[in-house]
Student: 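After the structure tokens below, expect a handful of questions from me.
Each chain gets a letter, A, B and so on, in the order the sequences are listed, and its residues count up from 1.
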Amino acid sequence: MSSATGTGVRFCGIELAHPIINASGTFDAIAARRAFGDELDRRFPFSAFVSKTVTVAPREGNPPPRLWELPAGLMNSIGLPNKGLEGYLAHDLPELARLPVPLIVNVMGFTHDEVARLVRAFSSREEVAALELNVSCPNVETGTLIGSDPREVVALLDVVRPLTAKPLIVKLTPNATDVAAVARAAQDAGADAVSLINTLRGMALAPDSAKPWLGGTTGGVSGPAVRAIALAQTHAVCSELGIPVVAMGGVQTGADAAALQAVGATLVAVGTESFRDPLAGERVAAELDDLVVGAEP
Amino acid sequence: MSSATGTGVRFCGIELAHPIINASGTFDAIAARRAFGDELDRRFPFSAFVSKTVTVAPREGNPPPRLWELPAGLMNSIGLPNKGLEGYLAHDLPELARLPVPLIVNVMGFTHDEVARLVRAFSSREEVAALELNVSCPNVETGTLIGSDPREVVALLDVVRPLTAKPLIVKLTPNATDVAAVARAAQDAGADAVSLINTLRGMALAPDSAKPWLGGTTGGVSGPAVRAIALAQTHAVCSELGIPVVAMGGVQTGADAAALQAVGATLVAVGTESFRDPLAGERVAAELDDLVVGAEP
Amino acid sequence: MRGGDRVLAPFGARQVPIIAHERHGAYHVLRCADERGPRPRAGQFYMLASARRWGGGASQRPFVPRAFSVLRAPAGTDELHFLLDVVGPGTERLCELQVDDGLSILGPLGIGFRFPRDGREPLLVGGGVGIAPLAIWQDELGSVSALLGFRDAEHARGAALLSGARVATDDGSRGHHGLVTELLQERLVAEDHVEVYACGPPAMLEAVRAMCAATATPAQLALESGMACGYGACFGCVVPTTDGYVRLCVDGPVLDAARLQSALVPGAPQ
Amino acid sequence: MRGGDRVLAPFGARQVPIIAHERHGAYHVLRCADERGPRPRAGQFYMLASARRWGGGASQRPFVPRAFSVLRAPAGTDELHFLLDVVGPGTERLCELQVDDGLSILGPLGIGFRFPRDGREPLLVGGGVGIAPLAIWQDELGSVSALLGFRDAEHARGAALLSGARVATDDGSRGHHGLVTELLQERLVAEDHVEVYACGPPAMLEAVRAMCAATATPAQLALESGMACGYGACFGCVVPTTDGYVRLCVDGPVLDAARLQSALVPGAPQ
Ligand SMILES: Cc1cc2nc3c(=O)[nH]c(=O)nc-3n(C[C@H](O)[C@H](O)[C@H](O)COP(=O)(O)OP(=O)(O)OC[C@H]3O[C@@H](n4cnc5c(N)ncnc54)[C@H](O)[C@@H]3O)c2cc1C
Ligand SMILES: Cc1cc2nc3c(=O)[nH]c(=O)nc-3n(C[C@H](O)[C@H](O)[C@H](O)COP(=O)(O)OP(=O)(O)OC[C@H]3O[C@@H](n4cnc5c(N)ncnc54)[C@H](O)[C@@H]3O)c2cc1C
Ligand SMILES: Cc1cc2nc3c(=O)[nH]c(=O)nc-3n(C[C@H](O)[C@H](O)[C@H](O)COP(=O)(O)O)c2cc1C
Ligand SMILES: Cc1cc2nc3c(=O)[nH]c(=O)nc-3n(C[C@H](O)[C@H](O)[C@H](O)COP(=O)(O)O)c2cc1C
Ligand code: FES
Ligand code: FES
């Protein structure tokens, strides 16, 4: 499945310098530039940049607290804060276009119409190399989590696939009985790639209280705690798919990335580990490269 | 939902000394007696004993390796080794009947007939206080994981519910899109209680190899790594159910148990933590008791 | 946003040696030698973790690094000092570190204190471990007044980290018996040309905010909130302001009190 | 199953102090004072963990305790000695422990060595860290022959833990240049009334098993497999025998070689 040559890799027609990208919502290149200055661009850790989920309307996100630390992991209820489509196009896109790597825009809509609007808007922007569809959200009409139901995913892709020639990556939710079935449906409905895993639904109570800690009541679990689950789901999905897979979930080392590639992933995304060190992606890519080189006869 | 008085608790008509029991398959009282002698019975850590899953036919279990340690957790592919119904009745039941606490027998069948046979067999044994149905297994006819599909659970309960007057606890799988829907179906079809969570599907590769480490290829993830997921699922289930809930998943302390009770669980089971200390259940019960007492005005 | 109040951080966490670990009453001061980093501004912070064995404590934590205001960055040295109060697994692990142990640091991060407006006299108000950013600010401003509140005399030994501070303790075991905000109230009544710089527990900061608002005194508050990354990546550290939620790690941690309806940040470490 | 070869463990993990931490070449010996435990039998093992900070190493491990044969339990003392080889995060953490640090122990567990059949002469064969259970067995049996194999001279310093051992090293830097099984082969050819007690890496044990089978020499092998609990709770530590899978922690770790088709246990630590 992987078309890596040395460390360079081709993904949906896009040439990438190495197989490590960031997970959506875990690296804000614009904020990082404020904190680290130009060094960010000179030493960008990822071979492509995936932006945080963009929605049609601006969103404030969930009330704090938004974070809860777990044994070997993290739980968040960020709630997809973003400037909305207009704000993103006006303020974020020009800044992100300056990055030295291709840009993948992650979008989410609460109706087919919203997703269609987002896909159409980005389809015509040459700054955008690919689109990632975040389907970890309920269909507001049916109430089902779109990403957990193959039929919902097909219905969505039937609407948006014809709207763009850009690569469409469907980001699957792990909170589903049969993730591989959803992935297969996405492939059959024209997705160019799938990505997984998004966060697992979790919850924590405030210490010394019986109240939920997170402002959003439940949150999404990520980090090393989900690594084995991510590998199992990636394995299941890759076993059934012909299109490329972007795998993520708890990646901390080149060995973790290599395992995801061994079960079939083309690209590997680093998420939570970037919180521990903004250069985690660079380290993972280097470690992976050493493993690949080391493994050659 | 909880009917705890002091630390004593009533569960499906059974009086228990405290709310902490063991998770099925994580404590073998017979082996523990060989290792620790009579002290096991004098100081039994749990208020009820849940036996490892019993199937109709004897099972060897999966080939080793069966264990993989995770960040803050464990993955197993044990494969339900057991002596089979006849062996259990002949060898295990008499030994377990000597325990100072009520016995809950966990059973699994690959067909409705098998489950019916197991339920009937234990229904007449007065040593058995309740039955737990492990539905984390595929329906061999349809291929679906029974516990992930409300209709499959109803179909199973329609067959076995009439066969026994003993409390029937349905042990849910967490590998399902909507665990609460399955729980509701179980309740509506006559379950006396539900228990959750069972292990989450995971996988690991052998170090320096691209081969699955576990003899069973995939395994089940347990321990602190799944604690937040267990709390979210328990919360979702308890919000919709009137019957008692036995909650488990990553419990290490009285505070962890208290959180599960705060979202509605009546009993809390300790699983993986017993591997770190066979007296973990006793400690958790004591800590929980301190919290409850400490919280009184 | 005044960019001038921010010193940029080198990109990436770097490992530095601990060069001293001192006790000041109930508090710990960790000093490290940061050869490769710039001198921070007062009010900026760093994300810290032990270079080894960051984890394995209560609840198998810590996992993400922890935020700490810089206490002091003595001119002419490459030293960074941090003041720590042990409240959980992260601070516990950091306070195990000894000389020559490795500390992982990312920073300086965030926006620090700005100089007083219209020639106002700075007035520092600190509570507990929140005195940390006031020490480096006093180093920069020269000998300005400081009012510091502590639980008891043992904690009040931290007051020695600033010069000439007036001290209040909750139990009266040292200085004024009562809240530091009572000392502030006196000052606000007596003088009207001050600018307040405050850091401390949420309830103290909220009292400071309300008093300053009532007397139209400008105030800069160094807030805290739970952080995972410290550089704007996770969107986890937001606090509500009059312009909506802002990420404290990139738009703070120092915020103008006028931007806050309340300084009681939900879920902030107490 | 001979119950007599098992000393029961007190129920529950108990915390004991480290009283010495010695180096023997590449190996570590940890001594602890186990006031509340019984004297173990040779070949029994304990589950060990550090009392504090068990975790936080590579891959956020260790999490479950680790199995170690008792190396020695000197008569008339409450001491337990363990021999450790650092191979991963668990052994790394244990080998950080210093005198007075707390060690969590559960044991003695499992079934140890049985005395030789029909007046046979015991012959101990050990490889690497697998010499551990042979030391306590030699203490019990008196001065019986031991053949020990190591990687190199640095590791071979562990041979001093037994008395009068013949040593082989892979690189010839001490003793016989070659495999310890070559020494065994000589002995099996020369004598026929021995019973072999062996512990070491899977490949060595398998060679021992095959040689003993070929010469109809009874052998007791102390095996290893990945364990989570050590007391039969998890069913994780099974090895295939002629009677099907058996849990090594309750039915072993010493198994009669005749019960094995192969000593190459899948997934055993190497
Ligand atoms: C900008 C900034 C500057 C700071 N400067 C200093 C300083 O100079 N000195 C200093 O001592 N401290 C400072 N702090 C606070 C410091 O970061 C915290 O005390 C530290 O993070 C606590 O970590 P811990 O693991 O010890 O405690 P935790 O266990 O993390 O507990 C701290 C608080 O977090 C909450 N909490 C408890 N469990 C969890 C969990 N699992 N996940 C999430 N939250 C939880 C509770 O509210 C608890 O009171 C600063 C914080 C910020 C944001
Ligand atoms: C009965 C018995 C007695 C023993 N006696 C001794 C003794 O006296 N002295 C001694 O030094 N050792 C002894 N051992 C071996 C010892 O238990 C192991 O070396 C130890 O568990 C290794 O832990 P670790 O974390 O250091 O290494 P690990 O990282 O656990 O690596 C050890 C091996 O486990 C496997 N492994 C790697 N990662 C994982 C993972 N995530 N999950 C599961 N397996 C993994 C690999 O095969 C690796 O080689 C004994 C083992 C048994 C069962
Ligand atoms: C704080 C945080 C915010 C996230 N925001 C988004 C998001 O906006 N869109 C999205 O598709 N996934 C989001 N994710 C999910 C990640 O992209 C990723 O799927 C998940 O965290 C698993 O990878 P990890 O374990 O490496 O973090 C977020 C994750 C975290 C931790
Ligand atoms: C080694 C092991 C074996 C298990 N065997 C069974 C089993 O036989 N039947 C069953 O219903 N659940 C079984 N479980 C699942 C546990 O009962 C429990 O649902 C799960 O481990 C979550 O709890 P914990 O995190 O406290 O371990 C097993 C779990 C482990 C770790
Ligand atoms: S701490 Fe992550 S955005 Fe502020
Ligand atoms: S180690 Fe758990 S059964 Fe043997």
Student: Is B/T26 close to D/C234 at the side-chain level, that is, under 4.5 Å between some pair of heavy atoms?
Tutor: no
Student: Of all of B/G25, B/P63, B/G61, which one pairs up most often with chain D through heavy atoms under 4.5 Å apart?
Tutor: B/P63
Student: What are the two closest heavy atoms between D/A228 and B/L67, and how far apart are they?
Tutor: N-CD1, 3.5 Å
Student: Decide yes or no for B/R276 and D/W54: does some side-chain heavy atom of the first lie under 4.5 Å from some side-chain heavy atom of the second?
Tutor: yes
Student: With a 4.5 angstrom heavy-atom cut-off, which part of B/S274 approaches chain D: side chain, backbone, both or neither?
Tutor: both
Student: Please name the pair of heavy atoms, one in B/A35 and one in D/L109, separated by the smallest distance, quoted to 0.1 Å.
Tutor: CB-CD2, 4.3 Å
Student: Counting only heavy atoms not in B/R201, do more than 12 sit closer than 6.0 Å to its CZ atom?
Tutor: no
Student: Can you check whether B/P278 reaches D/L106 side chain to side chain, under 4.5 Å on heavy atoms?
Tutor: yes
Student: Which of the residues B/E69, B/R43, B/R66 is involved in the greatest number of heavy-atom pairs with chain D at under 4.5 angstrom?
Tutor: B/E69
Student: With respect to chain D, which residue among B/A32, B/G223, B/A72, B/G37 yields the maximal number of heavy-atom pairs within a distance under 4.5 Å?
Tutor: B/A72
Student: Which bit of B/S77 comes within less than 4.5 Å of chain D, counting heavy atoms only: side chain, backbone, both or neither?
Tutor: neither
Student: Does the side chain of D/F63 come within less than 4.5 Å of B/P71's, by heavy atoms?
Tutor: no
Student: Tell me, for B/L214 versus chain D, whether the close heavy atoms (under 4.5 Å) come from the side chain, the backbone, both or neither.
Tutor: neither
Student: Give the minimum heavy-atom separation between B/E39 and D/P10, together with the two atoms involved.
Tutor: OE1-CA, 3.7 Å
Student: May I ask you to test the B/R33-D/L8 pair for a side-chain heavy-atom distance under 4.5 Å?
Tutor: no
Student: If you count heavy-atom pairs within less than 4.5 Å of chain D, which of B/P224, B/P45, B/G73 leads?
Tutor: B/G73
Student: If we define contacts as heavy-atom pairs under 4.5 Å, which of D/M227, D/R247, D/R61 has the most with chain B?
Tutor: D/R61
Student: Measuring heavy-atom distances to chain B, does D/R66 have an atom under 4.5 Å in its side chain, in its backbone, in both, or in neither?
Tutor: side chain
Student: Could you go through B/D277 and D/R14, starting from their C-alpha distance and side-chain angles, then the distance that decides it, and tell me whether this counts as salt bridge (charged side-chain N to carboxylate O under 4.0 Å, His left out)?
Tutor: CA-CA 9 Å; B/D277 183 353; D/R14 55 196 183 277; over 6 Å; no
Student: Going from CG on B/N62 to CZ on D/F235, what distance comes out if it is rounded to the nearest 0.5 angstrom?
Tutor: 13.0 Å
Student: Who wins among D/G230, D/C249, D/G107, D/P62 for the most heavy-atom pairs under 4.5 Å with chain B?
Tutor: D/P62
Student: Looking at chain D, which one of B/L70, B/D28, B/N76 has the largest number of heavy-atom pairs inside 4.5 Å, strictly under?
Tutor: B/D28
Student: Would you mind checking which part of B/N22 comes under 4.5 Å of any heavy atom in chain D, side chain (CB onward), backbone (N, CA, C, O), both or neither?
Tutor: neither
Student: With a 6.0 Å cut-off (strictly less than), is the heavy-atom count around CG of D/D243, excluding the residue itself, greater than 12?
Tutor: yes
Student: Under 4.5 Å heavy-atom distance to chain B, tell me which part of D/A9 shows up: side chain, backbone, both or neither.
Tutor: both
Student: In terms of ring plane angle, is the pair B/F36 and D/F11 parallel, tilted or perpendicular, where the classes change at 30° and 60°?
Tutor: tilted
